[in-house]
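Counting starts at 1 for both ligands and their atoms, following the listed order.
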Amino acid sequence: MQDIVRPINKCRVCGHNDWLDVVSFGSTPLAGNLLGKEDAPGGETLFPLDVVVCRKCWLMTLRHVIEPDVLFGHYRYVASDAGSIIQHMRQLVELCIGWIGLTDGDLVVEFGSNTGAHLQLFQQAGMRVLGVDPARNLADIANGRGVETIPAGFITEVGQEIASGHGPARLVYGRQCFAHIHDIHEVLNGVSALLAPDGLFFVEVPYLVELLANNQFDTIFHEHLSYFSLGSLCRLFESHGLRVVDVHTADVHGGSIVVFAAPTTAGYEVRPAVAEMLAEERSQGIAEEGTYRKFAERTERVRAQIRELVCGVVAEGKSVAGYGAPTKGSALLAACGLGHQEIRFCSDTTALKQGKILPGSRIPIWSPEQAGDHVPDYYLLLAWNYAPEIISKEKSFLENGGRFIVPIPEPRVISAESAL
Ligand code: TMP
Ligand code: ZN
């Protein structure tokens, strides 16, 4: 156990060791580590889940780091094929191509490339692509669909080897994975080794300001080590000779930021959006301890309210199931003390998840078809980040008297009348 979990001894952005405790969820199982039927009788290993914020650079982070191979060696997170995500990926491809004028044959490298769905879009646009992902099971899927993928973590040597084997990359990017990596300096050294002098480095991360503003405590789980603001990313990148040149917001995963950086020597003009967002962060109190204390208070309140609402409905004799089985859903159920007693099953469209069991709460995951034979009175919308898409898709559930419980920012019930 000592080898696979350890407390951090310095901030991974600024190197200081001066922390404010934000919130603790006690010891919980790995929320994304879905169990097979054969694993179900054993007890899951519990890991501490404590959140702290650095008083020097305001990076919010977990206090403990788990050995990456335990988390990612066989990864069950498969990039969603929800319509809104596909549309978002298409927009990002256009944005990147336009920003630096990518042309046929330019090399695009993605780390944390999952099953290669995003790289395939660059491939279709004429670029050479290469994926890097530590999950061997996902790298196999990507290679199988013709997206060459190295099964490895993106460390300095990997960046160097790609540069010597394939030449410099005009675009290096990581979507929704940078916050999962403890040694981000290894990644940034790899980026520096690989990036062309006029190349662009792109990351998409969940946005700390949205997490705080919308009480997204369920997005805090062991895989999510860092919770970034633009300010902390600027500071981090600067220490590696990279300047943030543009930023966009993206309405995915509860609110994310898409950040473009380039070698300081490339001389790209810094777009006004960067200074605007930094100013907005300051006015939102990102650098004030009180902001984090208030978030912790709201988290405690909302956790209790969700539990009360679900238990109240169950006590009335109504049935409740989970809609979606995202990792954050598993984290939410653990944080609210909800289990199989209250939630009969979770319905999820992802084939890899169906037939598995959520760790801790021990709730079975069913396909939507199986769920269709046991329609509950209430669906707890664990995949709340797709709320508009799901609610419009499930019109007939609502019209037949079904209700959704949307857990955050504040728990609320949606019926056919209120969805109009
Ligand atoms: P994500 O937020 O990590 O992408 O996870 C969302 C989960 O919700 C994913 O496992 C797929 C599932 N889901 C459904 O089951 N039905 C849906 O309509 C949508 C949009 C997602
Ligand atoms: Zn710091």
Provide the number and element of each atom of ligand 1 under 4.0 Å from a heavy atom of [X].
X    : result
S347 : 15 (O)
A383 : 8 (O)
K353 : 9 (C), 10 (O)
N385 : 2 (O)
Y323 : 16 (N)

**Message:** With a 6.0 Å cut-off (strictly less than), is the heavy-atom count around CZ of R145, excluding the residue itself, greater than 12?
**Reply:**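 More than 12 within 6.0 Å, yes.
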
**Message:** Are more than 12 heavy atoms, taken from residues, nucleotides or ligands other than E300, located less than 6.0 Å from that residue's CD atom?
**Reply:** yes

Are [X] and [Y] near enough that their ring centres are under 6.0 Å apart?
X    : Y    : result
F178 : F202 : no
F221 : H224 : yes
Y173 : F201 : no

**Message:** If you take the nearest heavy atom of each of T349, L382, I85, I365, which one is closest to atom 14 (C) of ligand 1?
**Reply:**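 Nearest option to atom 14 (C) of ligand 1, by heavy atoms: T349.
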
**Request:** Examine all N, O or S atoms of H16, backbone included, and report whether one is under 2.8 Å from the Zn ion (ligand 2).
**Result:**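 Of the N, O and S atoms in H16, none lies under 2.8 Å from the Zn ion (ligand 2), which means no.
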
Whether the [X] and [Y] side chains hold a donor-acceptor pair (N or O, under 3.5 Å, no angle test) is what I'd like checked.
X    : Y    : value
D218 : W384 : yes
E281 : Y207 : yes
E204 : S256 : no

**Message:** Contact between ligand 1 and P368 is defined here as a heavy atom of the residue under 4.0 Å from a ligand atom; is it met?
**Reply:**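 Distance cut 4.0 Å: P368 fails for ligand 1.
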
**Asked** Where does T350 meet ligand 1, judged by heavy-atom distances below 4.0 Å: at the side chain, the backbone, both, or neither?
**Response**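 It is the side chain that touches ligand 1; the backbone stays farther off.
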
**Request:** Have a look at ligand 1 and work out which part of D348, if any, has a heavy atom under 4.0 Å from it: side chain, backbone, both or neither.
**Result:** both

**Item:** Min N/O separation K328 to ligand 1 under 3.5 Å
**Value:**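 Yes; at least one N/O pair falls below 3.5 Å.
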
